[in-house]
Amino acid sequence: MTKVLIIAEHDGEKLNSSTAKTLTCALAIDSASVEIAVLGGLQCDAVCDQVAALDGVSRVLKLAREENSVPVAAVYAPQIVELAAGYTHLIAPSTTFGKDLMPRVAALLGVPSVTDVMKVIAPDTFERPIYAGNAIDTVQLAEGISVMVGTARPASFKAAGSGSAAAPIEAVETSAALPTHSRYIELRQQASDRPDLQSAPKVVSGGRGVGSGDNFDVIYALADKLGAAAGASRAAVDAGFVANDMQVGQTGKVIAPDLYIACGISGAIQHLAGIKDAGTIVAINSDADAPIFEVADLGIVGDLFTLVPELEKALP
Amino acid sequence: MKILVCIKRVVDYNVRIRVKPDGGGVVTDGVKMSMNPFDEIAVEEALRIKEAGNADEIIVVSIGAKQVQEQLRTALAMGADRGIHVETTENIQPLTASRMLLNIAQSEGVDLVLLGKQAIDDDNNQTGQMLAALWDRPQATFASGLSFDGGKATTIREVDAGLEVLEVDLPAVVTVDLRLNEPRYVKLPDMMKAKKKTIDVKTLADLGVEAAPGVSSLGVRPPEGRQAGKKVETVEELVKELQARGLVND
Ligand SMILES: Cc1cc2nc3c(=O)[nH]c(=O)nc-3n(C[C@H](O)[C@H](O)[C@H](O)COP(=O)(O)OP(=O)(O)OC[C@H]3O[C@@H](n4cnc5c(N)ncnc54)[C@H](O)[C@@H]3O)c2cc1C
Ligand SMILES: Nc1ncnc2c1ncn2[C@@H]1O[C@H](COP(=O)(O)O)[C@@H](O)[C@H]1O
């Protein structure tokens, strides 16, 4: 008998879109028995309601306490360990939140962790990418592992729907002693009105070829015309053109938009690792031999400072 | 302060990965091997902490076959003080690695353990978190900033939503991200000097840990490749193609 518990990711008000994708992964393990835990501050009811509305959830566990208002892995992990009894699978999204948290949970339980599940083959067997997605490994849990702990790669799963029914929400309490050795100070965020990079159906990205932070205006103008999120290569982030949360790739965000437009990006394997699951990839690059053209569905060779504004104007 | 830095030998990040025809992993014969790029950043950070007067000793450790001593030597040439080689030809997974690292961190009495945020071969992104859990100490993962004040460290973490500032008490485990620093180049004379530094060799038995794999690989395959599509000549053509695919309005 399997029974899956998902750890929801949220910001205190809104559920992160990766949670509904993790749910699809969980339903592939057990379509009848998936519960979701919301660890949050005292005012996390809105998040619980969003979770309860997701299709296929049997029950929502609400762990509301002041210490949970910010996601500190060392604080969350012992509580999840206490909740774990009775579950065969504990899964979180493969985001910085889930990757920080789940290995800590696994080690406390004395079991391995499976990072980046991209496909469920059987309840104990999963596919996951290795070598920046240049190889796919099928891994099976060893016999005697009591609980599968892991993270689901959001780009590999469609978001579960919501709204058909509301699952019951149950408040639960844990007695786990919480450490005070880790203190969350603040989150520094770039204000942006553009859609969220991780869930946007369209993304326009710029690379080193864009040349400067000011020049990124051409990228933003196209993104805004398309209603797209803006992304970047590591080189563009390292050079200080844009903030780190815009990085796409092996060590940045792994995304699967319907449309990805790469401008002035060469297409290093580490960047491609982040866009393998995109629907249509468009490349705009002045070098006809840039590796990005080997994966692009549509390519155009030329100067991005001419082509990108031209494209922006040509779009209805 | 005493710092332990963990180093993994991996296929160099520039190598084009090929999956073995029998599915038994990827081709590593005759392939360039290097220190995991994140670990190089961890070594560099330890050196900078020491150079700033905040540490007295840097120990580098690697778990693996004989050859990992090459990467330990590189770290010693960069400036680390001594090395520990846990020698094994077994497949060592993060939980097992973290148990060994715990043993070393405790017996050496270190105040800070620096690791890469992930090894670029298996892309597990687990070892630091597991070590912190077993040690019952703080973890600051994906660090792109690190500073010290008494018995505390302030870390800047690269998270999906931006930059998170987390303060932790020492001893602590920190896993490093790419933007923490730029590692120095090793000069030839340093390579010579590093030959005189010691590397202690230990066995799994010395550390009281067994190599019990928690997961096994049933087979490795290449990913579904993307095909090169077509090149268009003009923006007008590009817009038509996008419209034909229903990606932009007519
Ligand atoms: C461990 C590791 C992890 C990494 N993780 C990531 C990651 O997550 N994401 C990531 O992106 N990278 C990552 N990298 C870095 C990666 O290897 C590349 O260095 C990086 O992606 C290059 O960025 P770029 O394409 O913007 O720059 P470049 O490779 O310098 O390419 C710039 C491109 O712009 C084009 N260009 C220049 N001017 C113009 C113009 N006027 N008009 C049109 N085109 C122009 C050039 O032809 C060129 O193709 C990682 C590297 C390592 C070692
Ligand atoms: N065999 C090993 N020897 C030493 N350090 C390791 C080893 N495996 C992993 N590590 C450390 O743990 C980090 C994360 O690895 P992983 O959890 O495998 O992605 C690496 O960047 C290293 O710092």
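No experiment lies behind these values; they were computed from the predicted model shown. Letters go in sequence order (proteins before strands), and every chain restarts at 1.
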To the nearest 0.5 Å, atom CG of Asn103(B) lies from atom CG of Leu207(B) at 4.5 Å
Between Arg9(B) and Ser62(B), a side-chain donor and acceptor under 3.5 Å
no
Counting heavy-atom pairs under 4.5 Å with chain B, the top scorer among Val237(A), Val282(A), Ile269(A), Leu197(A) is Val237(A)
Go through Ile284(A), Asn244(A), Asp258(A), Thr125(A) and name the one with the most non-hydrogen pairs under 4.5 angstrom from chain B.
Asn244(A)
Side chain, backbone, both or neither of Ser216(B) within contact of chain A (heavy atoms, under 4.5 Å)
both
Does a donor on one side chain sit under 3.5 Å from an acceptor on the other, for Glu44(B) and Asn181(B)?
no
Among Ile130(A), Ile136(A), Val139(A), which residue has the highest count of heavy-atom pairs closer than 4.5 Å to chain B?
Ile136(A)
Pairs of heavy atoms under 4.5 Å with chain B: top-ranked of His181(A), Arg188(A), Gln247(A)
His181(A)
If only side-chain N and O atoms count, and only distance matters, is there a donor-acceptor pair under 3.5 Å linking Asn125(B) with Thr115(A)?
no
Who among Leu101(A), Thr151(A), Val70(A), Leu108(A) has the most heavy-atom pairs with chain B under 4.5 Å?
Leu108(A)
One option among Val165(B), Leu95(B), Val220(B) has the most heavy-atom pairs under 4.5 Å with chain A, and it is Val165(B)
Pair Arg179(B) + Glu182(B): basic N to acidic O under 4.0 Å:
no
Given a strict heavy-atom distance threshold of 4.5 Å, which part of Lys253(A) is in contact with chain B: side chain, backbone, both, or neither?
side chain
Could you tell me which residues in residues 285-293 of chain A have at least one non-hydrogen atom under 4.5 Å from a non-hydrogen atom of chain B, sorted by residue number?
Ala288(A), Phe293(A)
Donor-acceptor under 3.5 Å (Arg104(A) side chain, Pro78(A) main chain)
no
Using a cut-off of under 4.5 Å on heavy-atom pairs, state which of Val111(A), Asp137(A), Asp100(A), Asp297(A) scores highest against chain B.
Asp100(A)
Tell me yes or no: between the side chains of Ser34(B) and Gln71(B), is some donor less than 3.5 Å from an acceptor?
no
Do the charged groups of Lys230(B) and Glu241(B) touch, with an N to O distance under 4.0 Å?
yes
Please state whether the side chain, the backbone, both or neither of Thr180(A) comes within less than 4.5 Å of a heavy atom of chain B.
backbone
Tell me yes or no: between the side chains of Gln93(B) and Asp122(B), is some donor less than 3.5 Å from an acceptor?
no
Donor + acceptor pair across side chains of Asn16(A), Thr19(A) (<3.5 Å)
no
Selection from Gln243(B), Glu236(B), Glu233(B), Lys117(B) maximising heavy-atom pairs under 4.5 Å formed with chain A
Lys117(B)
Once the angle between the rings of His271(A) and Tyr260(A) is folded into 0 to 90°, is it parallel (under 30°), tilted (30 to 60°) or perpendicular (over 60°)?
tilted
